[in-house]
Protein chains: 2
Amino acid sequence: MPVKTNAVRSSAAVEDYLERILELINTKGYARVVDIATSLGISQASVTNMVQRLDGEGLLNYEKYRGLVLTTAGETLARNIARRHQLLTDFLKLLGVDERVIEHDVEGMEHHISPSTLRAIEGLTAQLKRRPALLARLN
Amino acid sequence: MPVKTNAVRSSAAVEDYLERILELINTKGYARVVDIATSLGISQASVTNMVQRLDGEGLLNYEKYRGLVLTTAGETLARNIARRHQLLTDFLKLLGVDERVIEHDVEGMEHHISPSTLRAIEGLTAQLKRRPALLARLN
DNA sequence: TAAAGAAGTTAGCCATGCCTAACTTGGATT
DNA sequence: AATCCAAGTTAGGCATGGCTAACTTCTTTA
Ligand SMILES: [Mn+2]
Ligand SMILES: [Mn+2]
Ligand SMILES: [Mn+2]
Ligand SMILES: [Mn+2]
């Protein structure tokens, strides 16, 4: 029978951690506690704490003093939030919003986008890329 | 000389309270603790607590056991978040997102929209309302 | 191989924002 | 005016997610 993957209920903080961990792994090949801390602008102690929690929740495998790898569940969540981040960024770039503002706003908004809203903005973004007519003089 | 209104740093929770209080006042004429609690789906105790805090922060005037009114600062904040809520709702409605999903997503997203992002989406929404051509077949 | 420094962990703390249970207040009913 | 009950408040607790300070482990270097 098909395996029912329990929809993990993840907070904004959890999503930010997973997203950043995946990004570090993709760019550096690994994600150390110190890297995660620096990248998120928080203390190493906070990262250690969260990493232990995520291990307990089965989102990553963590070996004390060693390192961590995302589980399948963790990577799925990470890719999912990364997708929302990317789409929102694309969309706002299209609208000509300043890069710094985009980063700030997307970092918050990305955690509140349901699948159907995501699809709608995705579709609109695609249309706008094709016909950028009405993008002139937006702000 | 011009009065510099200190930009009050408000959390998502504070914005939700203020927005709801303004809405209650606009529709019922007043905002009782029990109304706010029911409307936000939280306990009266939590509301009492927050209301006392908002009073301390000068966002409303609160008289124990009596009632409360928004200060100018509080009402400004309330109108501001209400505006973000309305715009996002309009925008997603235009995209054909389901009402329930809109409500859910907007309630979260509204707290992460900078002024320039707001203006950009505002402009886009206006354009789309004028030429709804590319809104066909979005989802 | 021993020491030093970087990385990681633990302990204890704090703010936010929610809860329930128990108590108080005030307005309506009689 | 006494009583009742809805509304309001207080006390105490909990989860989340930060922090610093102090300690431990690992790695690199002399
Ligand atoms: Mn984020
Ligand atoms: Mn992100
Ligand atoms: Mn909200
Ligand atoms: Mn709202």
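By convention in this document, chain letters (A, B, ...) are assigned in the order of the sequence lines, proteins followed by strands, and residues within each chain are numbered from 1.
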Is there a residue in residues 19-36 of chain A whose heavy atoms reach under 4.0 Å of DNA chain C, and which residues are they?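 A/Arg32, A/Val33, A/Val34 - these, ordered by number, are the residues of the stretch whose heavy atoms sit under 4.0 Å from the strand.
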Using atom [atom1] of [X] as one end and atom [atom2] of [N] as the other, report the distance to the nearest whole Å.
X       : N      : atom1 : atom2 : value
B/Glu15 : C/dG17 : CD    : P     : 11 Å
B/Arg66 : C/dG26 : CZ    : P     : 6 Å
A/Gln44 : D/dT25 : CD    : P     : 16 Å
A/Leu40 : D/dT16 : CG    : C1'   : 16 Å
B/Tyr65 : C/dT24 : OH    : P     : 9 Å

Examine distances only and state if a side-chain atom of A/Thr71 and a backbone atom of A/Gly58 form a donor-acceptor pair shorter than 3.5 Å.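 Yes, A/Thr71 side chain to A/Gly58 backbone: donor-acceptor pair under 3.5 Å.
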Test item: B/Thr27 side-chain N/O and B/Glu23 main-chain N/O as donor-acceptor pair under 3.5 Å: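 Yes, because the side chain of B/Thr27 sits within donor-acceptor range (under 3.5 Å) of the backbone of B/Glu23.
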For A/Asn80 and A/Arg84, does a side-chain donor sit closer than 3.5 Å to a side-chain acceptor?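 Yes, a side-chain donor-acceptor pair sits under 3.5 Å.
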Is it true that the side chains of A/Thr117 and A/Ser114 contain a donor and an acceptor less than 3.5 Å apart?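 Result is no, nothing qualifies.
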Quick check: do [X] and [Y] have side-chain heavy atoms less than 4.5 Å from each other?
X       : Y        : answer
B/Lys28 : B/Asp35  : yes
B/Leu59 : B/Leu70  : no
A/Asp16 : A/Glu110 : yes

Does OP1 or OP2 of [N] have a side-chain N or O of [X] closer than 4.0 Å?
X       : N      : answer
A/Lys64 : D/dC26 : no
A/Ser11 : D/dG17 : yes
B/Thr48 : D/dG8  : no
B/Ser46 : C/dG17 : no

Can you tell which of A/Leu18, A/Leu22, A/Thr72 makes a side chain to side chain contact (heavy atoms under 4.5 Å, CB included) with A/Leu77?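 Single side chain to side chain contact (heavy atoms under 4.5 Å, CB included) partner of A/Leu77 among A/Leu18, A/Leu22, A/Thr72: A/Leu18.
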Take B/Glu122 and B/Arg83, measure what salt bridge (Lys or Arg N to Asp or Glu O under 4.0 Å) needs, and give me the verdict at the end. CA-CA 11 Å; B/Glu122 210 168 28; B/Arg83 194 168 114 79; 2.8 Å; yes
Among D/dG8, C/dC19, D/dG18, which nucleotide sits nearest the side chain of A/Ile42?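 Selected nucleotide: D/dG18.
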Any idea which of D/dG17, C/dC18, D/dC26 is nearest the B/Tyr17 side chain?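 Nearest nucleotide to the side chain: C/dC18.
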Specify the residues of residues 49-58 of chain B, ordered by number, for which at least one heavy atom lies under 4.0 angstrom from an atom of DNA chain D.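 Those residues are B/Gln52.
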